[in-house]
S.K.: 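Have a look at this one.
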Amino acid sequence: MTATVSAPPESPSVGAAPPRRARRGRGGLLIGGLSVALVVMTIVSAGRGQLQIPPSEVVGSILHRLDANLEWVLRQAGVSVDLPLDAGPRPAHVQGENTLWLVRFPRVVLALLVGAALAAAGALMQGVFGNPLAEPAVVGVSPGAAVGASLVFVTGANFLGEWTVAVAAFATGLVTTLLVYALSRSGGRTEVVTLVLTGVAVTAVAFAIVAFATFVATPEAREQIVFWQLGSLNGARWQAVVAVLPFVAAGLALAIAMARSLDLLALGERSARHLGVRVERLRLVAIVAVAMLVGSGVAFAGVIGFVGLVVPHLVRMIAGPGHRVLLPASALGGALLLVSADLVARTAIEYADLPLGMLTALVGGPLFFWLLRRTRTSQGGWA
Amino acid sequence: MRLTRAHRLPEPPVAGSVVTAAAGVSVTLGGTRVLDDVSIEVRAGEVLALVGPNGAGKSTLLSALTGDVAVSSGSVTLCGRPLSAWSATEAAMRRAVLLQQVRLSFPFTVAEVVWMGRAPWAGTPLEAADEEAVRAAAADADVAQFAGRRFTSLSGGEQARVALARVLAQRTGVLLLDEPTAALDLRHQELVLGVARSRAAAGVAVVVVLHDLNLAAAHADRVAVLAGGRVVATGTPAEVLGGDLLSDVYEHDVEVIAHPRTGTPVILPRR
């Protein structure tokens with residue numbers, strides 16, 4: 001932290017220590033720490049599995065590829081140099097390179113993207129609705145996306161090739177969220193209890209549609225639906241990464257652009273408007289961003305719960321509720337969590353791939369309960 | 001979200017000029033006419049108190065002035081233009097609003113809440129005054145001593161003062177305060193209305209909704225009495241706060257005596 005605090009420590013003055021900078025110091029540490037942990041975890045995770053590859057060889061493999069690709073790019077530009085990046089050992093095993101680049105890396109990168117998307121979407125949702133319990137699943141994004149995905153599996157629709165499931169899940173997720181939002185508004189206000197209850201009602205209908213789809217499906221499609229709902233990154237390929245990446249990048253960019261307005265929204269809709277926030281537009285953009293983040297992630301990874309609830313909550317406990325730190329830190333934390341969870345999912349039991357959604361809920365449920373208790377005792381209840 | 005489009009910055013106030021006004025404003029909420037043909041002008045440099053019994057339409061009039069409720073007839077102006085001619089940020093550069101109910105969804109610190117008042121000025125030359133404005137506002141509202149505490153851990157009266165500090169930090173030409181003294185002890189009631197008066201002396205137009213008629217009599221330059229959605233009287237406290245009018249409006253026998261030392265009207269219910 002830079003020395004921005006000019007007042008003596010025993011009498012903290014409001015003006016002397018701008019909270020933006022003070023918080024940025026702590027938030028910066030958190031973001032830095034999470035980034036380092038994420039890089040380490042990604043490398044470790046990529047090396048683990050039936051074929052064990054030491055982290056040094058994983059790094060070596062990445063560096064050699066990077067070196068070769070950069071030199072190729074430079075050659076196309078007419079520059080012929082030998083970059084010194086190709087350091088470190090390459091995977092010793094014959095299948096090492098293929099395992100890393102065809103199986104492990106796409107799966108780890110997808111876990112990273114989906115985790116970041118889910119956690120950021122959770123933070124965004126909580127900010128927009130001014131409630132720490134809002135979660136994409138609560139307001140129907142995930143169940144809505146499940147409707148689209150299961151209908152695609154049942155009908156065998158393939159109108160957009162690789163992108164069909166993602167586009168269908170995204171579209172139905174967005175429609176469901178907008179529906180919940182529209183239904184829970186009255187007199188220009190959104191009451192949180194109404195919102196949650198509307199989410200429950202819409203989710204029930206969504207699950208009924210998914211149940212019907214499961215009922216009429218062929219055994220093969222039925223299996224796809226069931227496993228999709230359990231949540232898994234099994235069989236992730238680079239195409240999935242390419243399909244998810246633009247949605248997640250755009251969703252995160254939108255979310256971070258709204259950070260300051262989301263802080264003001266904590267004062268309530270009217271006070272936020274009195275400070276210059278266009279609340280209705282903000283909510284609409286936020287909902288589109290949430291649908292992009294969750295819809296695209298859920299489309300390839302299935303329903304993965306609690307990431308959007310637990311991660312922002314933990315970040316708030318460490319770095320405070322300011323969204324300029326909360327959103328990027330949640331994205332990093334979510335990525336770290338899901339890369340770790342996926343490592344457990346595919347290595348805990350040999351020759352078995354545990355459902356990822358099951359794992360996150362199994363850990364996330366009790367953890368969230370503990371967080372609730374802790375917050376209650378330390379803050380004297382919810383604001 | 002903030003567009004990078006340039007906002008029209010406010011002009012410095014001209015003492016005595018009308019900065020915000022409602023002209024023939026009627027508001028209907030849920031089929032009930034809450035405001036009926038209300039006209040009111042607020043001038044730079046004055047404290048205007050809105051008083052009246054519960055349900056008289058004081059808060060609704062304030063909401064009409066902020067644009068929070070749609071008027072069914074009449075017009076509201078801010079700094080010489082219709083309210084709708086300003087963007088949300090431009091309006092926020094001109095008027096700050098303290099609502100009756102103060103809330104915060106997440107446990108921000110007191111300092112962070114006060115800093116939120118500077119949001120409209122982000123990206124303008126006035127951003128340079130941020131730190132000074134926040135420090136002065138925190139001192140004026142007497143909240144500097146708990147700058148680092150979480151807003152949610154404060155008492156109701158402390159929260160109300162933090163909200164006031166946020167509004168003061170916004171440094172606008174118009175201040176609309178809805179019952180700023182409701183949750184406060186005697187010392188802080190005087191302190192808050194003292195701040196309102198010193199802001200008015202610096203050229204700000206202050207509208208303050210008050211329930212305590214003695215506070216209105218002591219601190220307001222002008223008082224507007226509302227009853228049944230209409231303005232029944234406007235003028236200096238001595239002109240307006242008479243026993244007959246107040247007894248009529250409040251449906252309770254009220255007597256008004258002049259303070260033996262200051263001569264300020266003192267309003268007492270006859271018991």
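Both backbone and side-chain heavy atoms feed into the values below; hydrogens, waters and symmetry mates do not. Naming convention: chains lettered A, B, ... in sequence-line order (proteins, then strands); numbering from 1 in each chain.
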S.K.: In this structure, which one of B:V102, B:L104, B:L99 forms a side-chain contact (heavy atoms from CB on, under 4.5 Å) with A:L267?
M.R.: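 Checked B:V102, B:L104, B:L99 against A:L267; only one passes side-chain contact (heavy atoms from CB on, under 4.5 Å): B:L104.
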S.K.: Counting only non-hydrogen atoms closer than 4.5 Å, can you tell me which residues of residues 163-174 of chain B sit against chain A?
M.R.: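 Only B:R166, B:Q170 of residues 163-174 of chain B have a heavy atom under 4.5 Å from chain A.
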S.K.: How many angstroms lie between CG in A:L265 and CE in B:M116, if you round to the nearest 0.5 Å?
M.R.: 10.0 Å
S.K.: Rounded at 0.5 Å granularity, tell me how far CZ in B:R103 sits from CZ in A:R270.
M.R.: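 Here the rounded value is 11.5 Å.
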S.K.: Ignoring hydrogens, what is the shortest heavy-atom contact between B:A119 and A:R260? Give both atom names and the distance.
M.R.: CA-NH2, 3.4 Å
S.K.: Taking all atoms of both residues into account, what is the closest heavy-atom pair of B:A92 and A:G276, and its distance?
M.R.: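 Residues B:A92 and A:G276, closest heavy atoms: CB-N, 3.5 Å.
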S.K.: About how many Å separate CZ of A:R273 and OG1 of B:T89, when rounded to the nearest 0.5 Å?
M.R.: 12.5 Å
S.K.: Once the angle between the rings of A:H323 and B:F106 is folded into 0 to 90°, is it parallel (under 30°), tilted (30 to 60°) or perpendicular (over 60°)?
M.R.: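 Ring orientation of A:H323 relative to B:F106: perpendicular.
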S.K.: Can you give me the closest heavy-atom contact between B:R150 and A:G320, atom names plus distance?
M.R.: NH1-CA, 4.3 Å
S.K.: Could you please state which residues from residues 55-67 of chain B sit under 4.5 angstrom from chain A, measuring non-hydrogen atom to non-hydrogen atom, sorted by number, or 'none'?
M.R.: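 Counting heavy atoms that sit under 4.5 Å from chain A, the residues of residues 55-67 of chain B involved are B:S63, B:T66.
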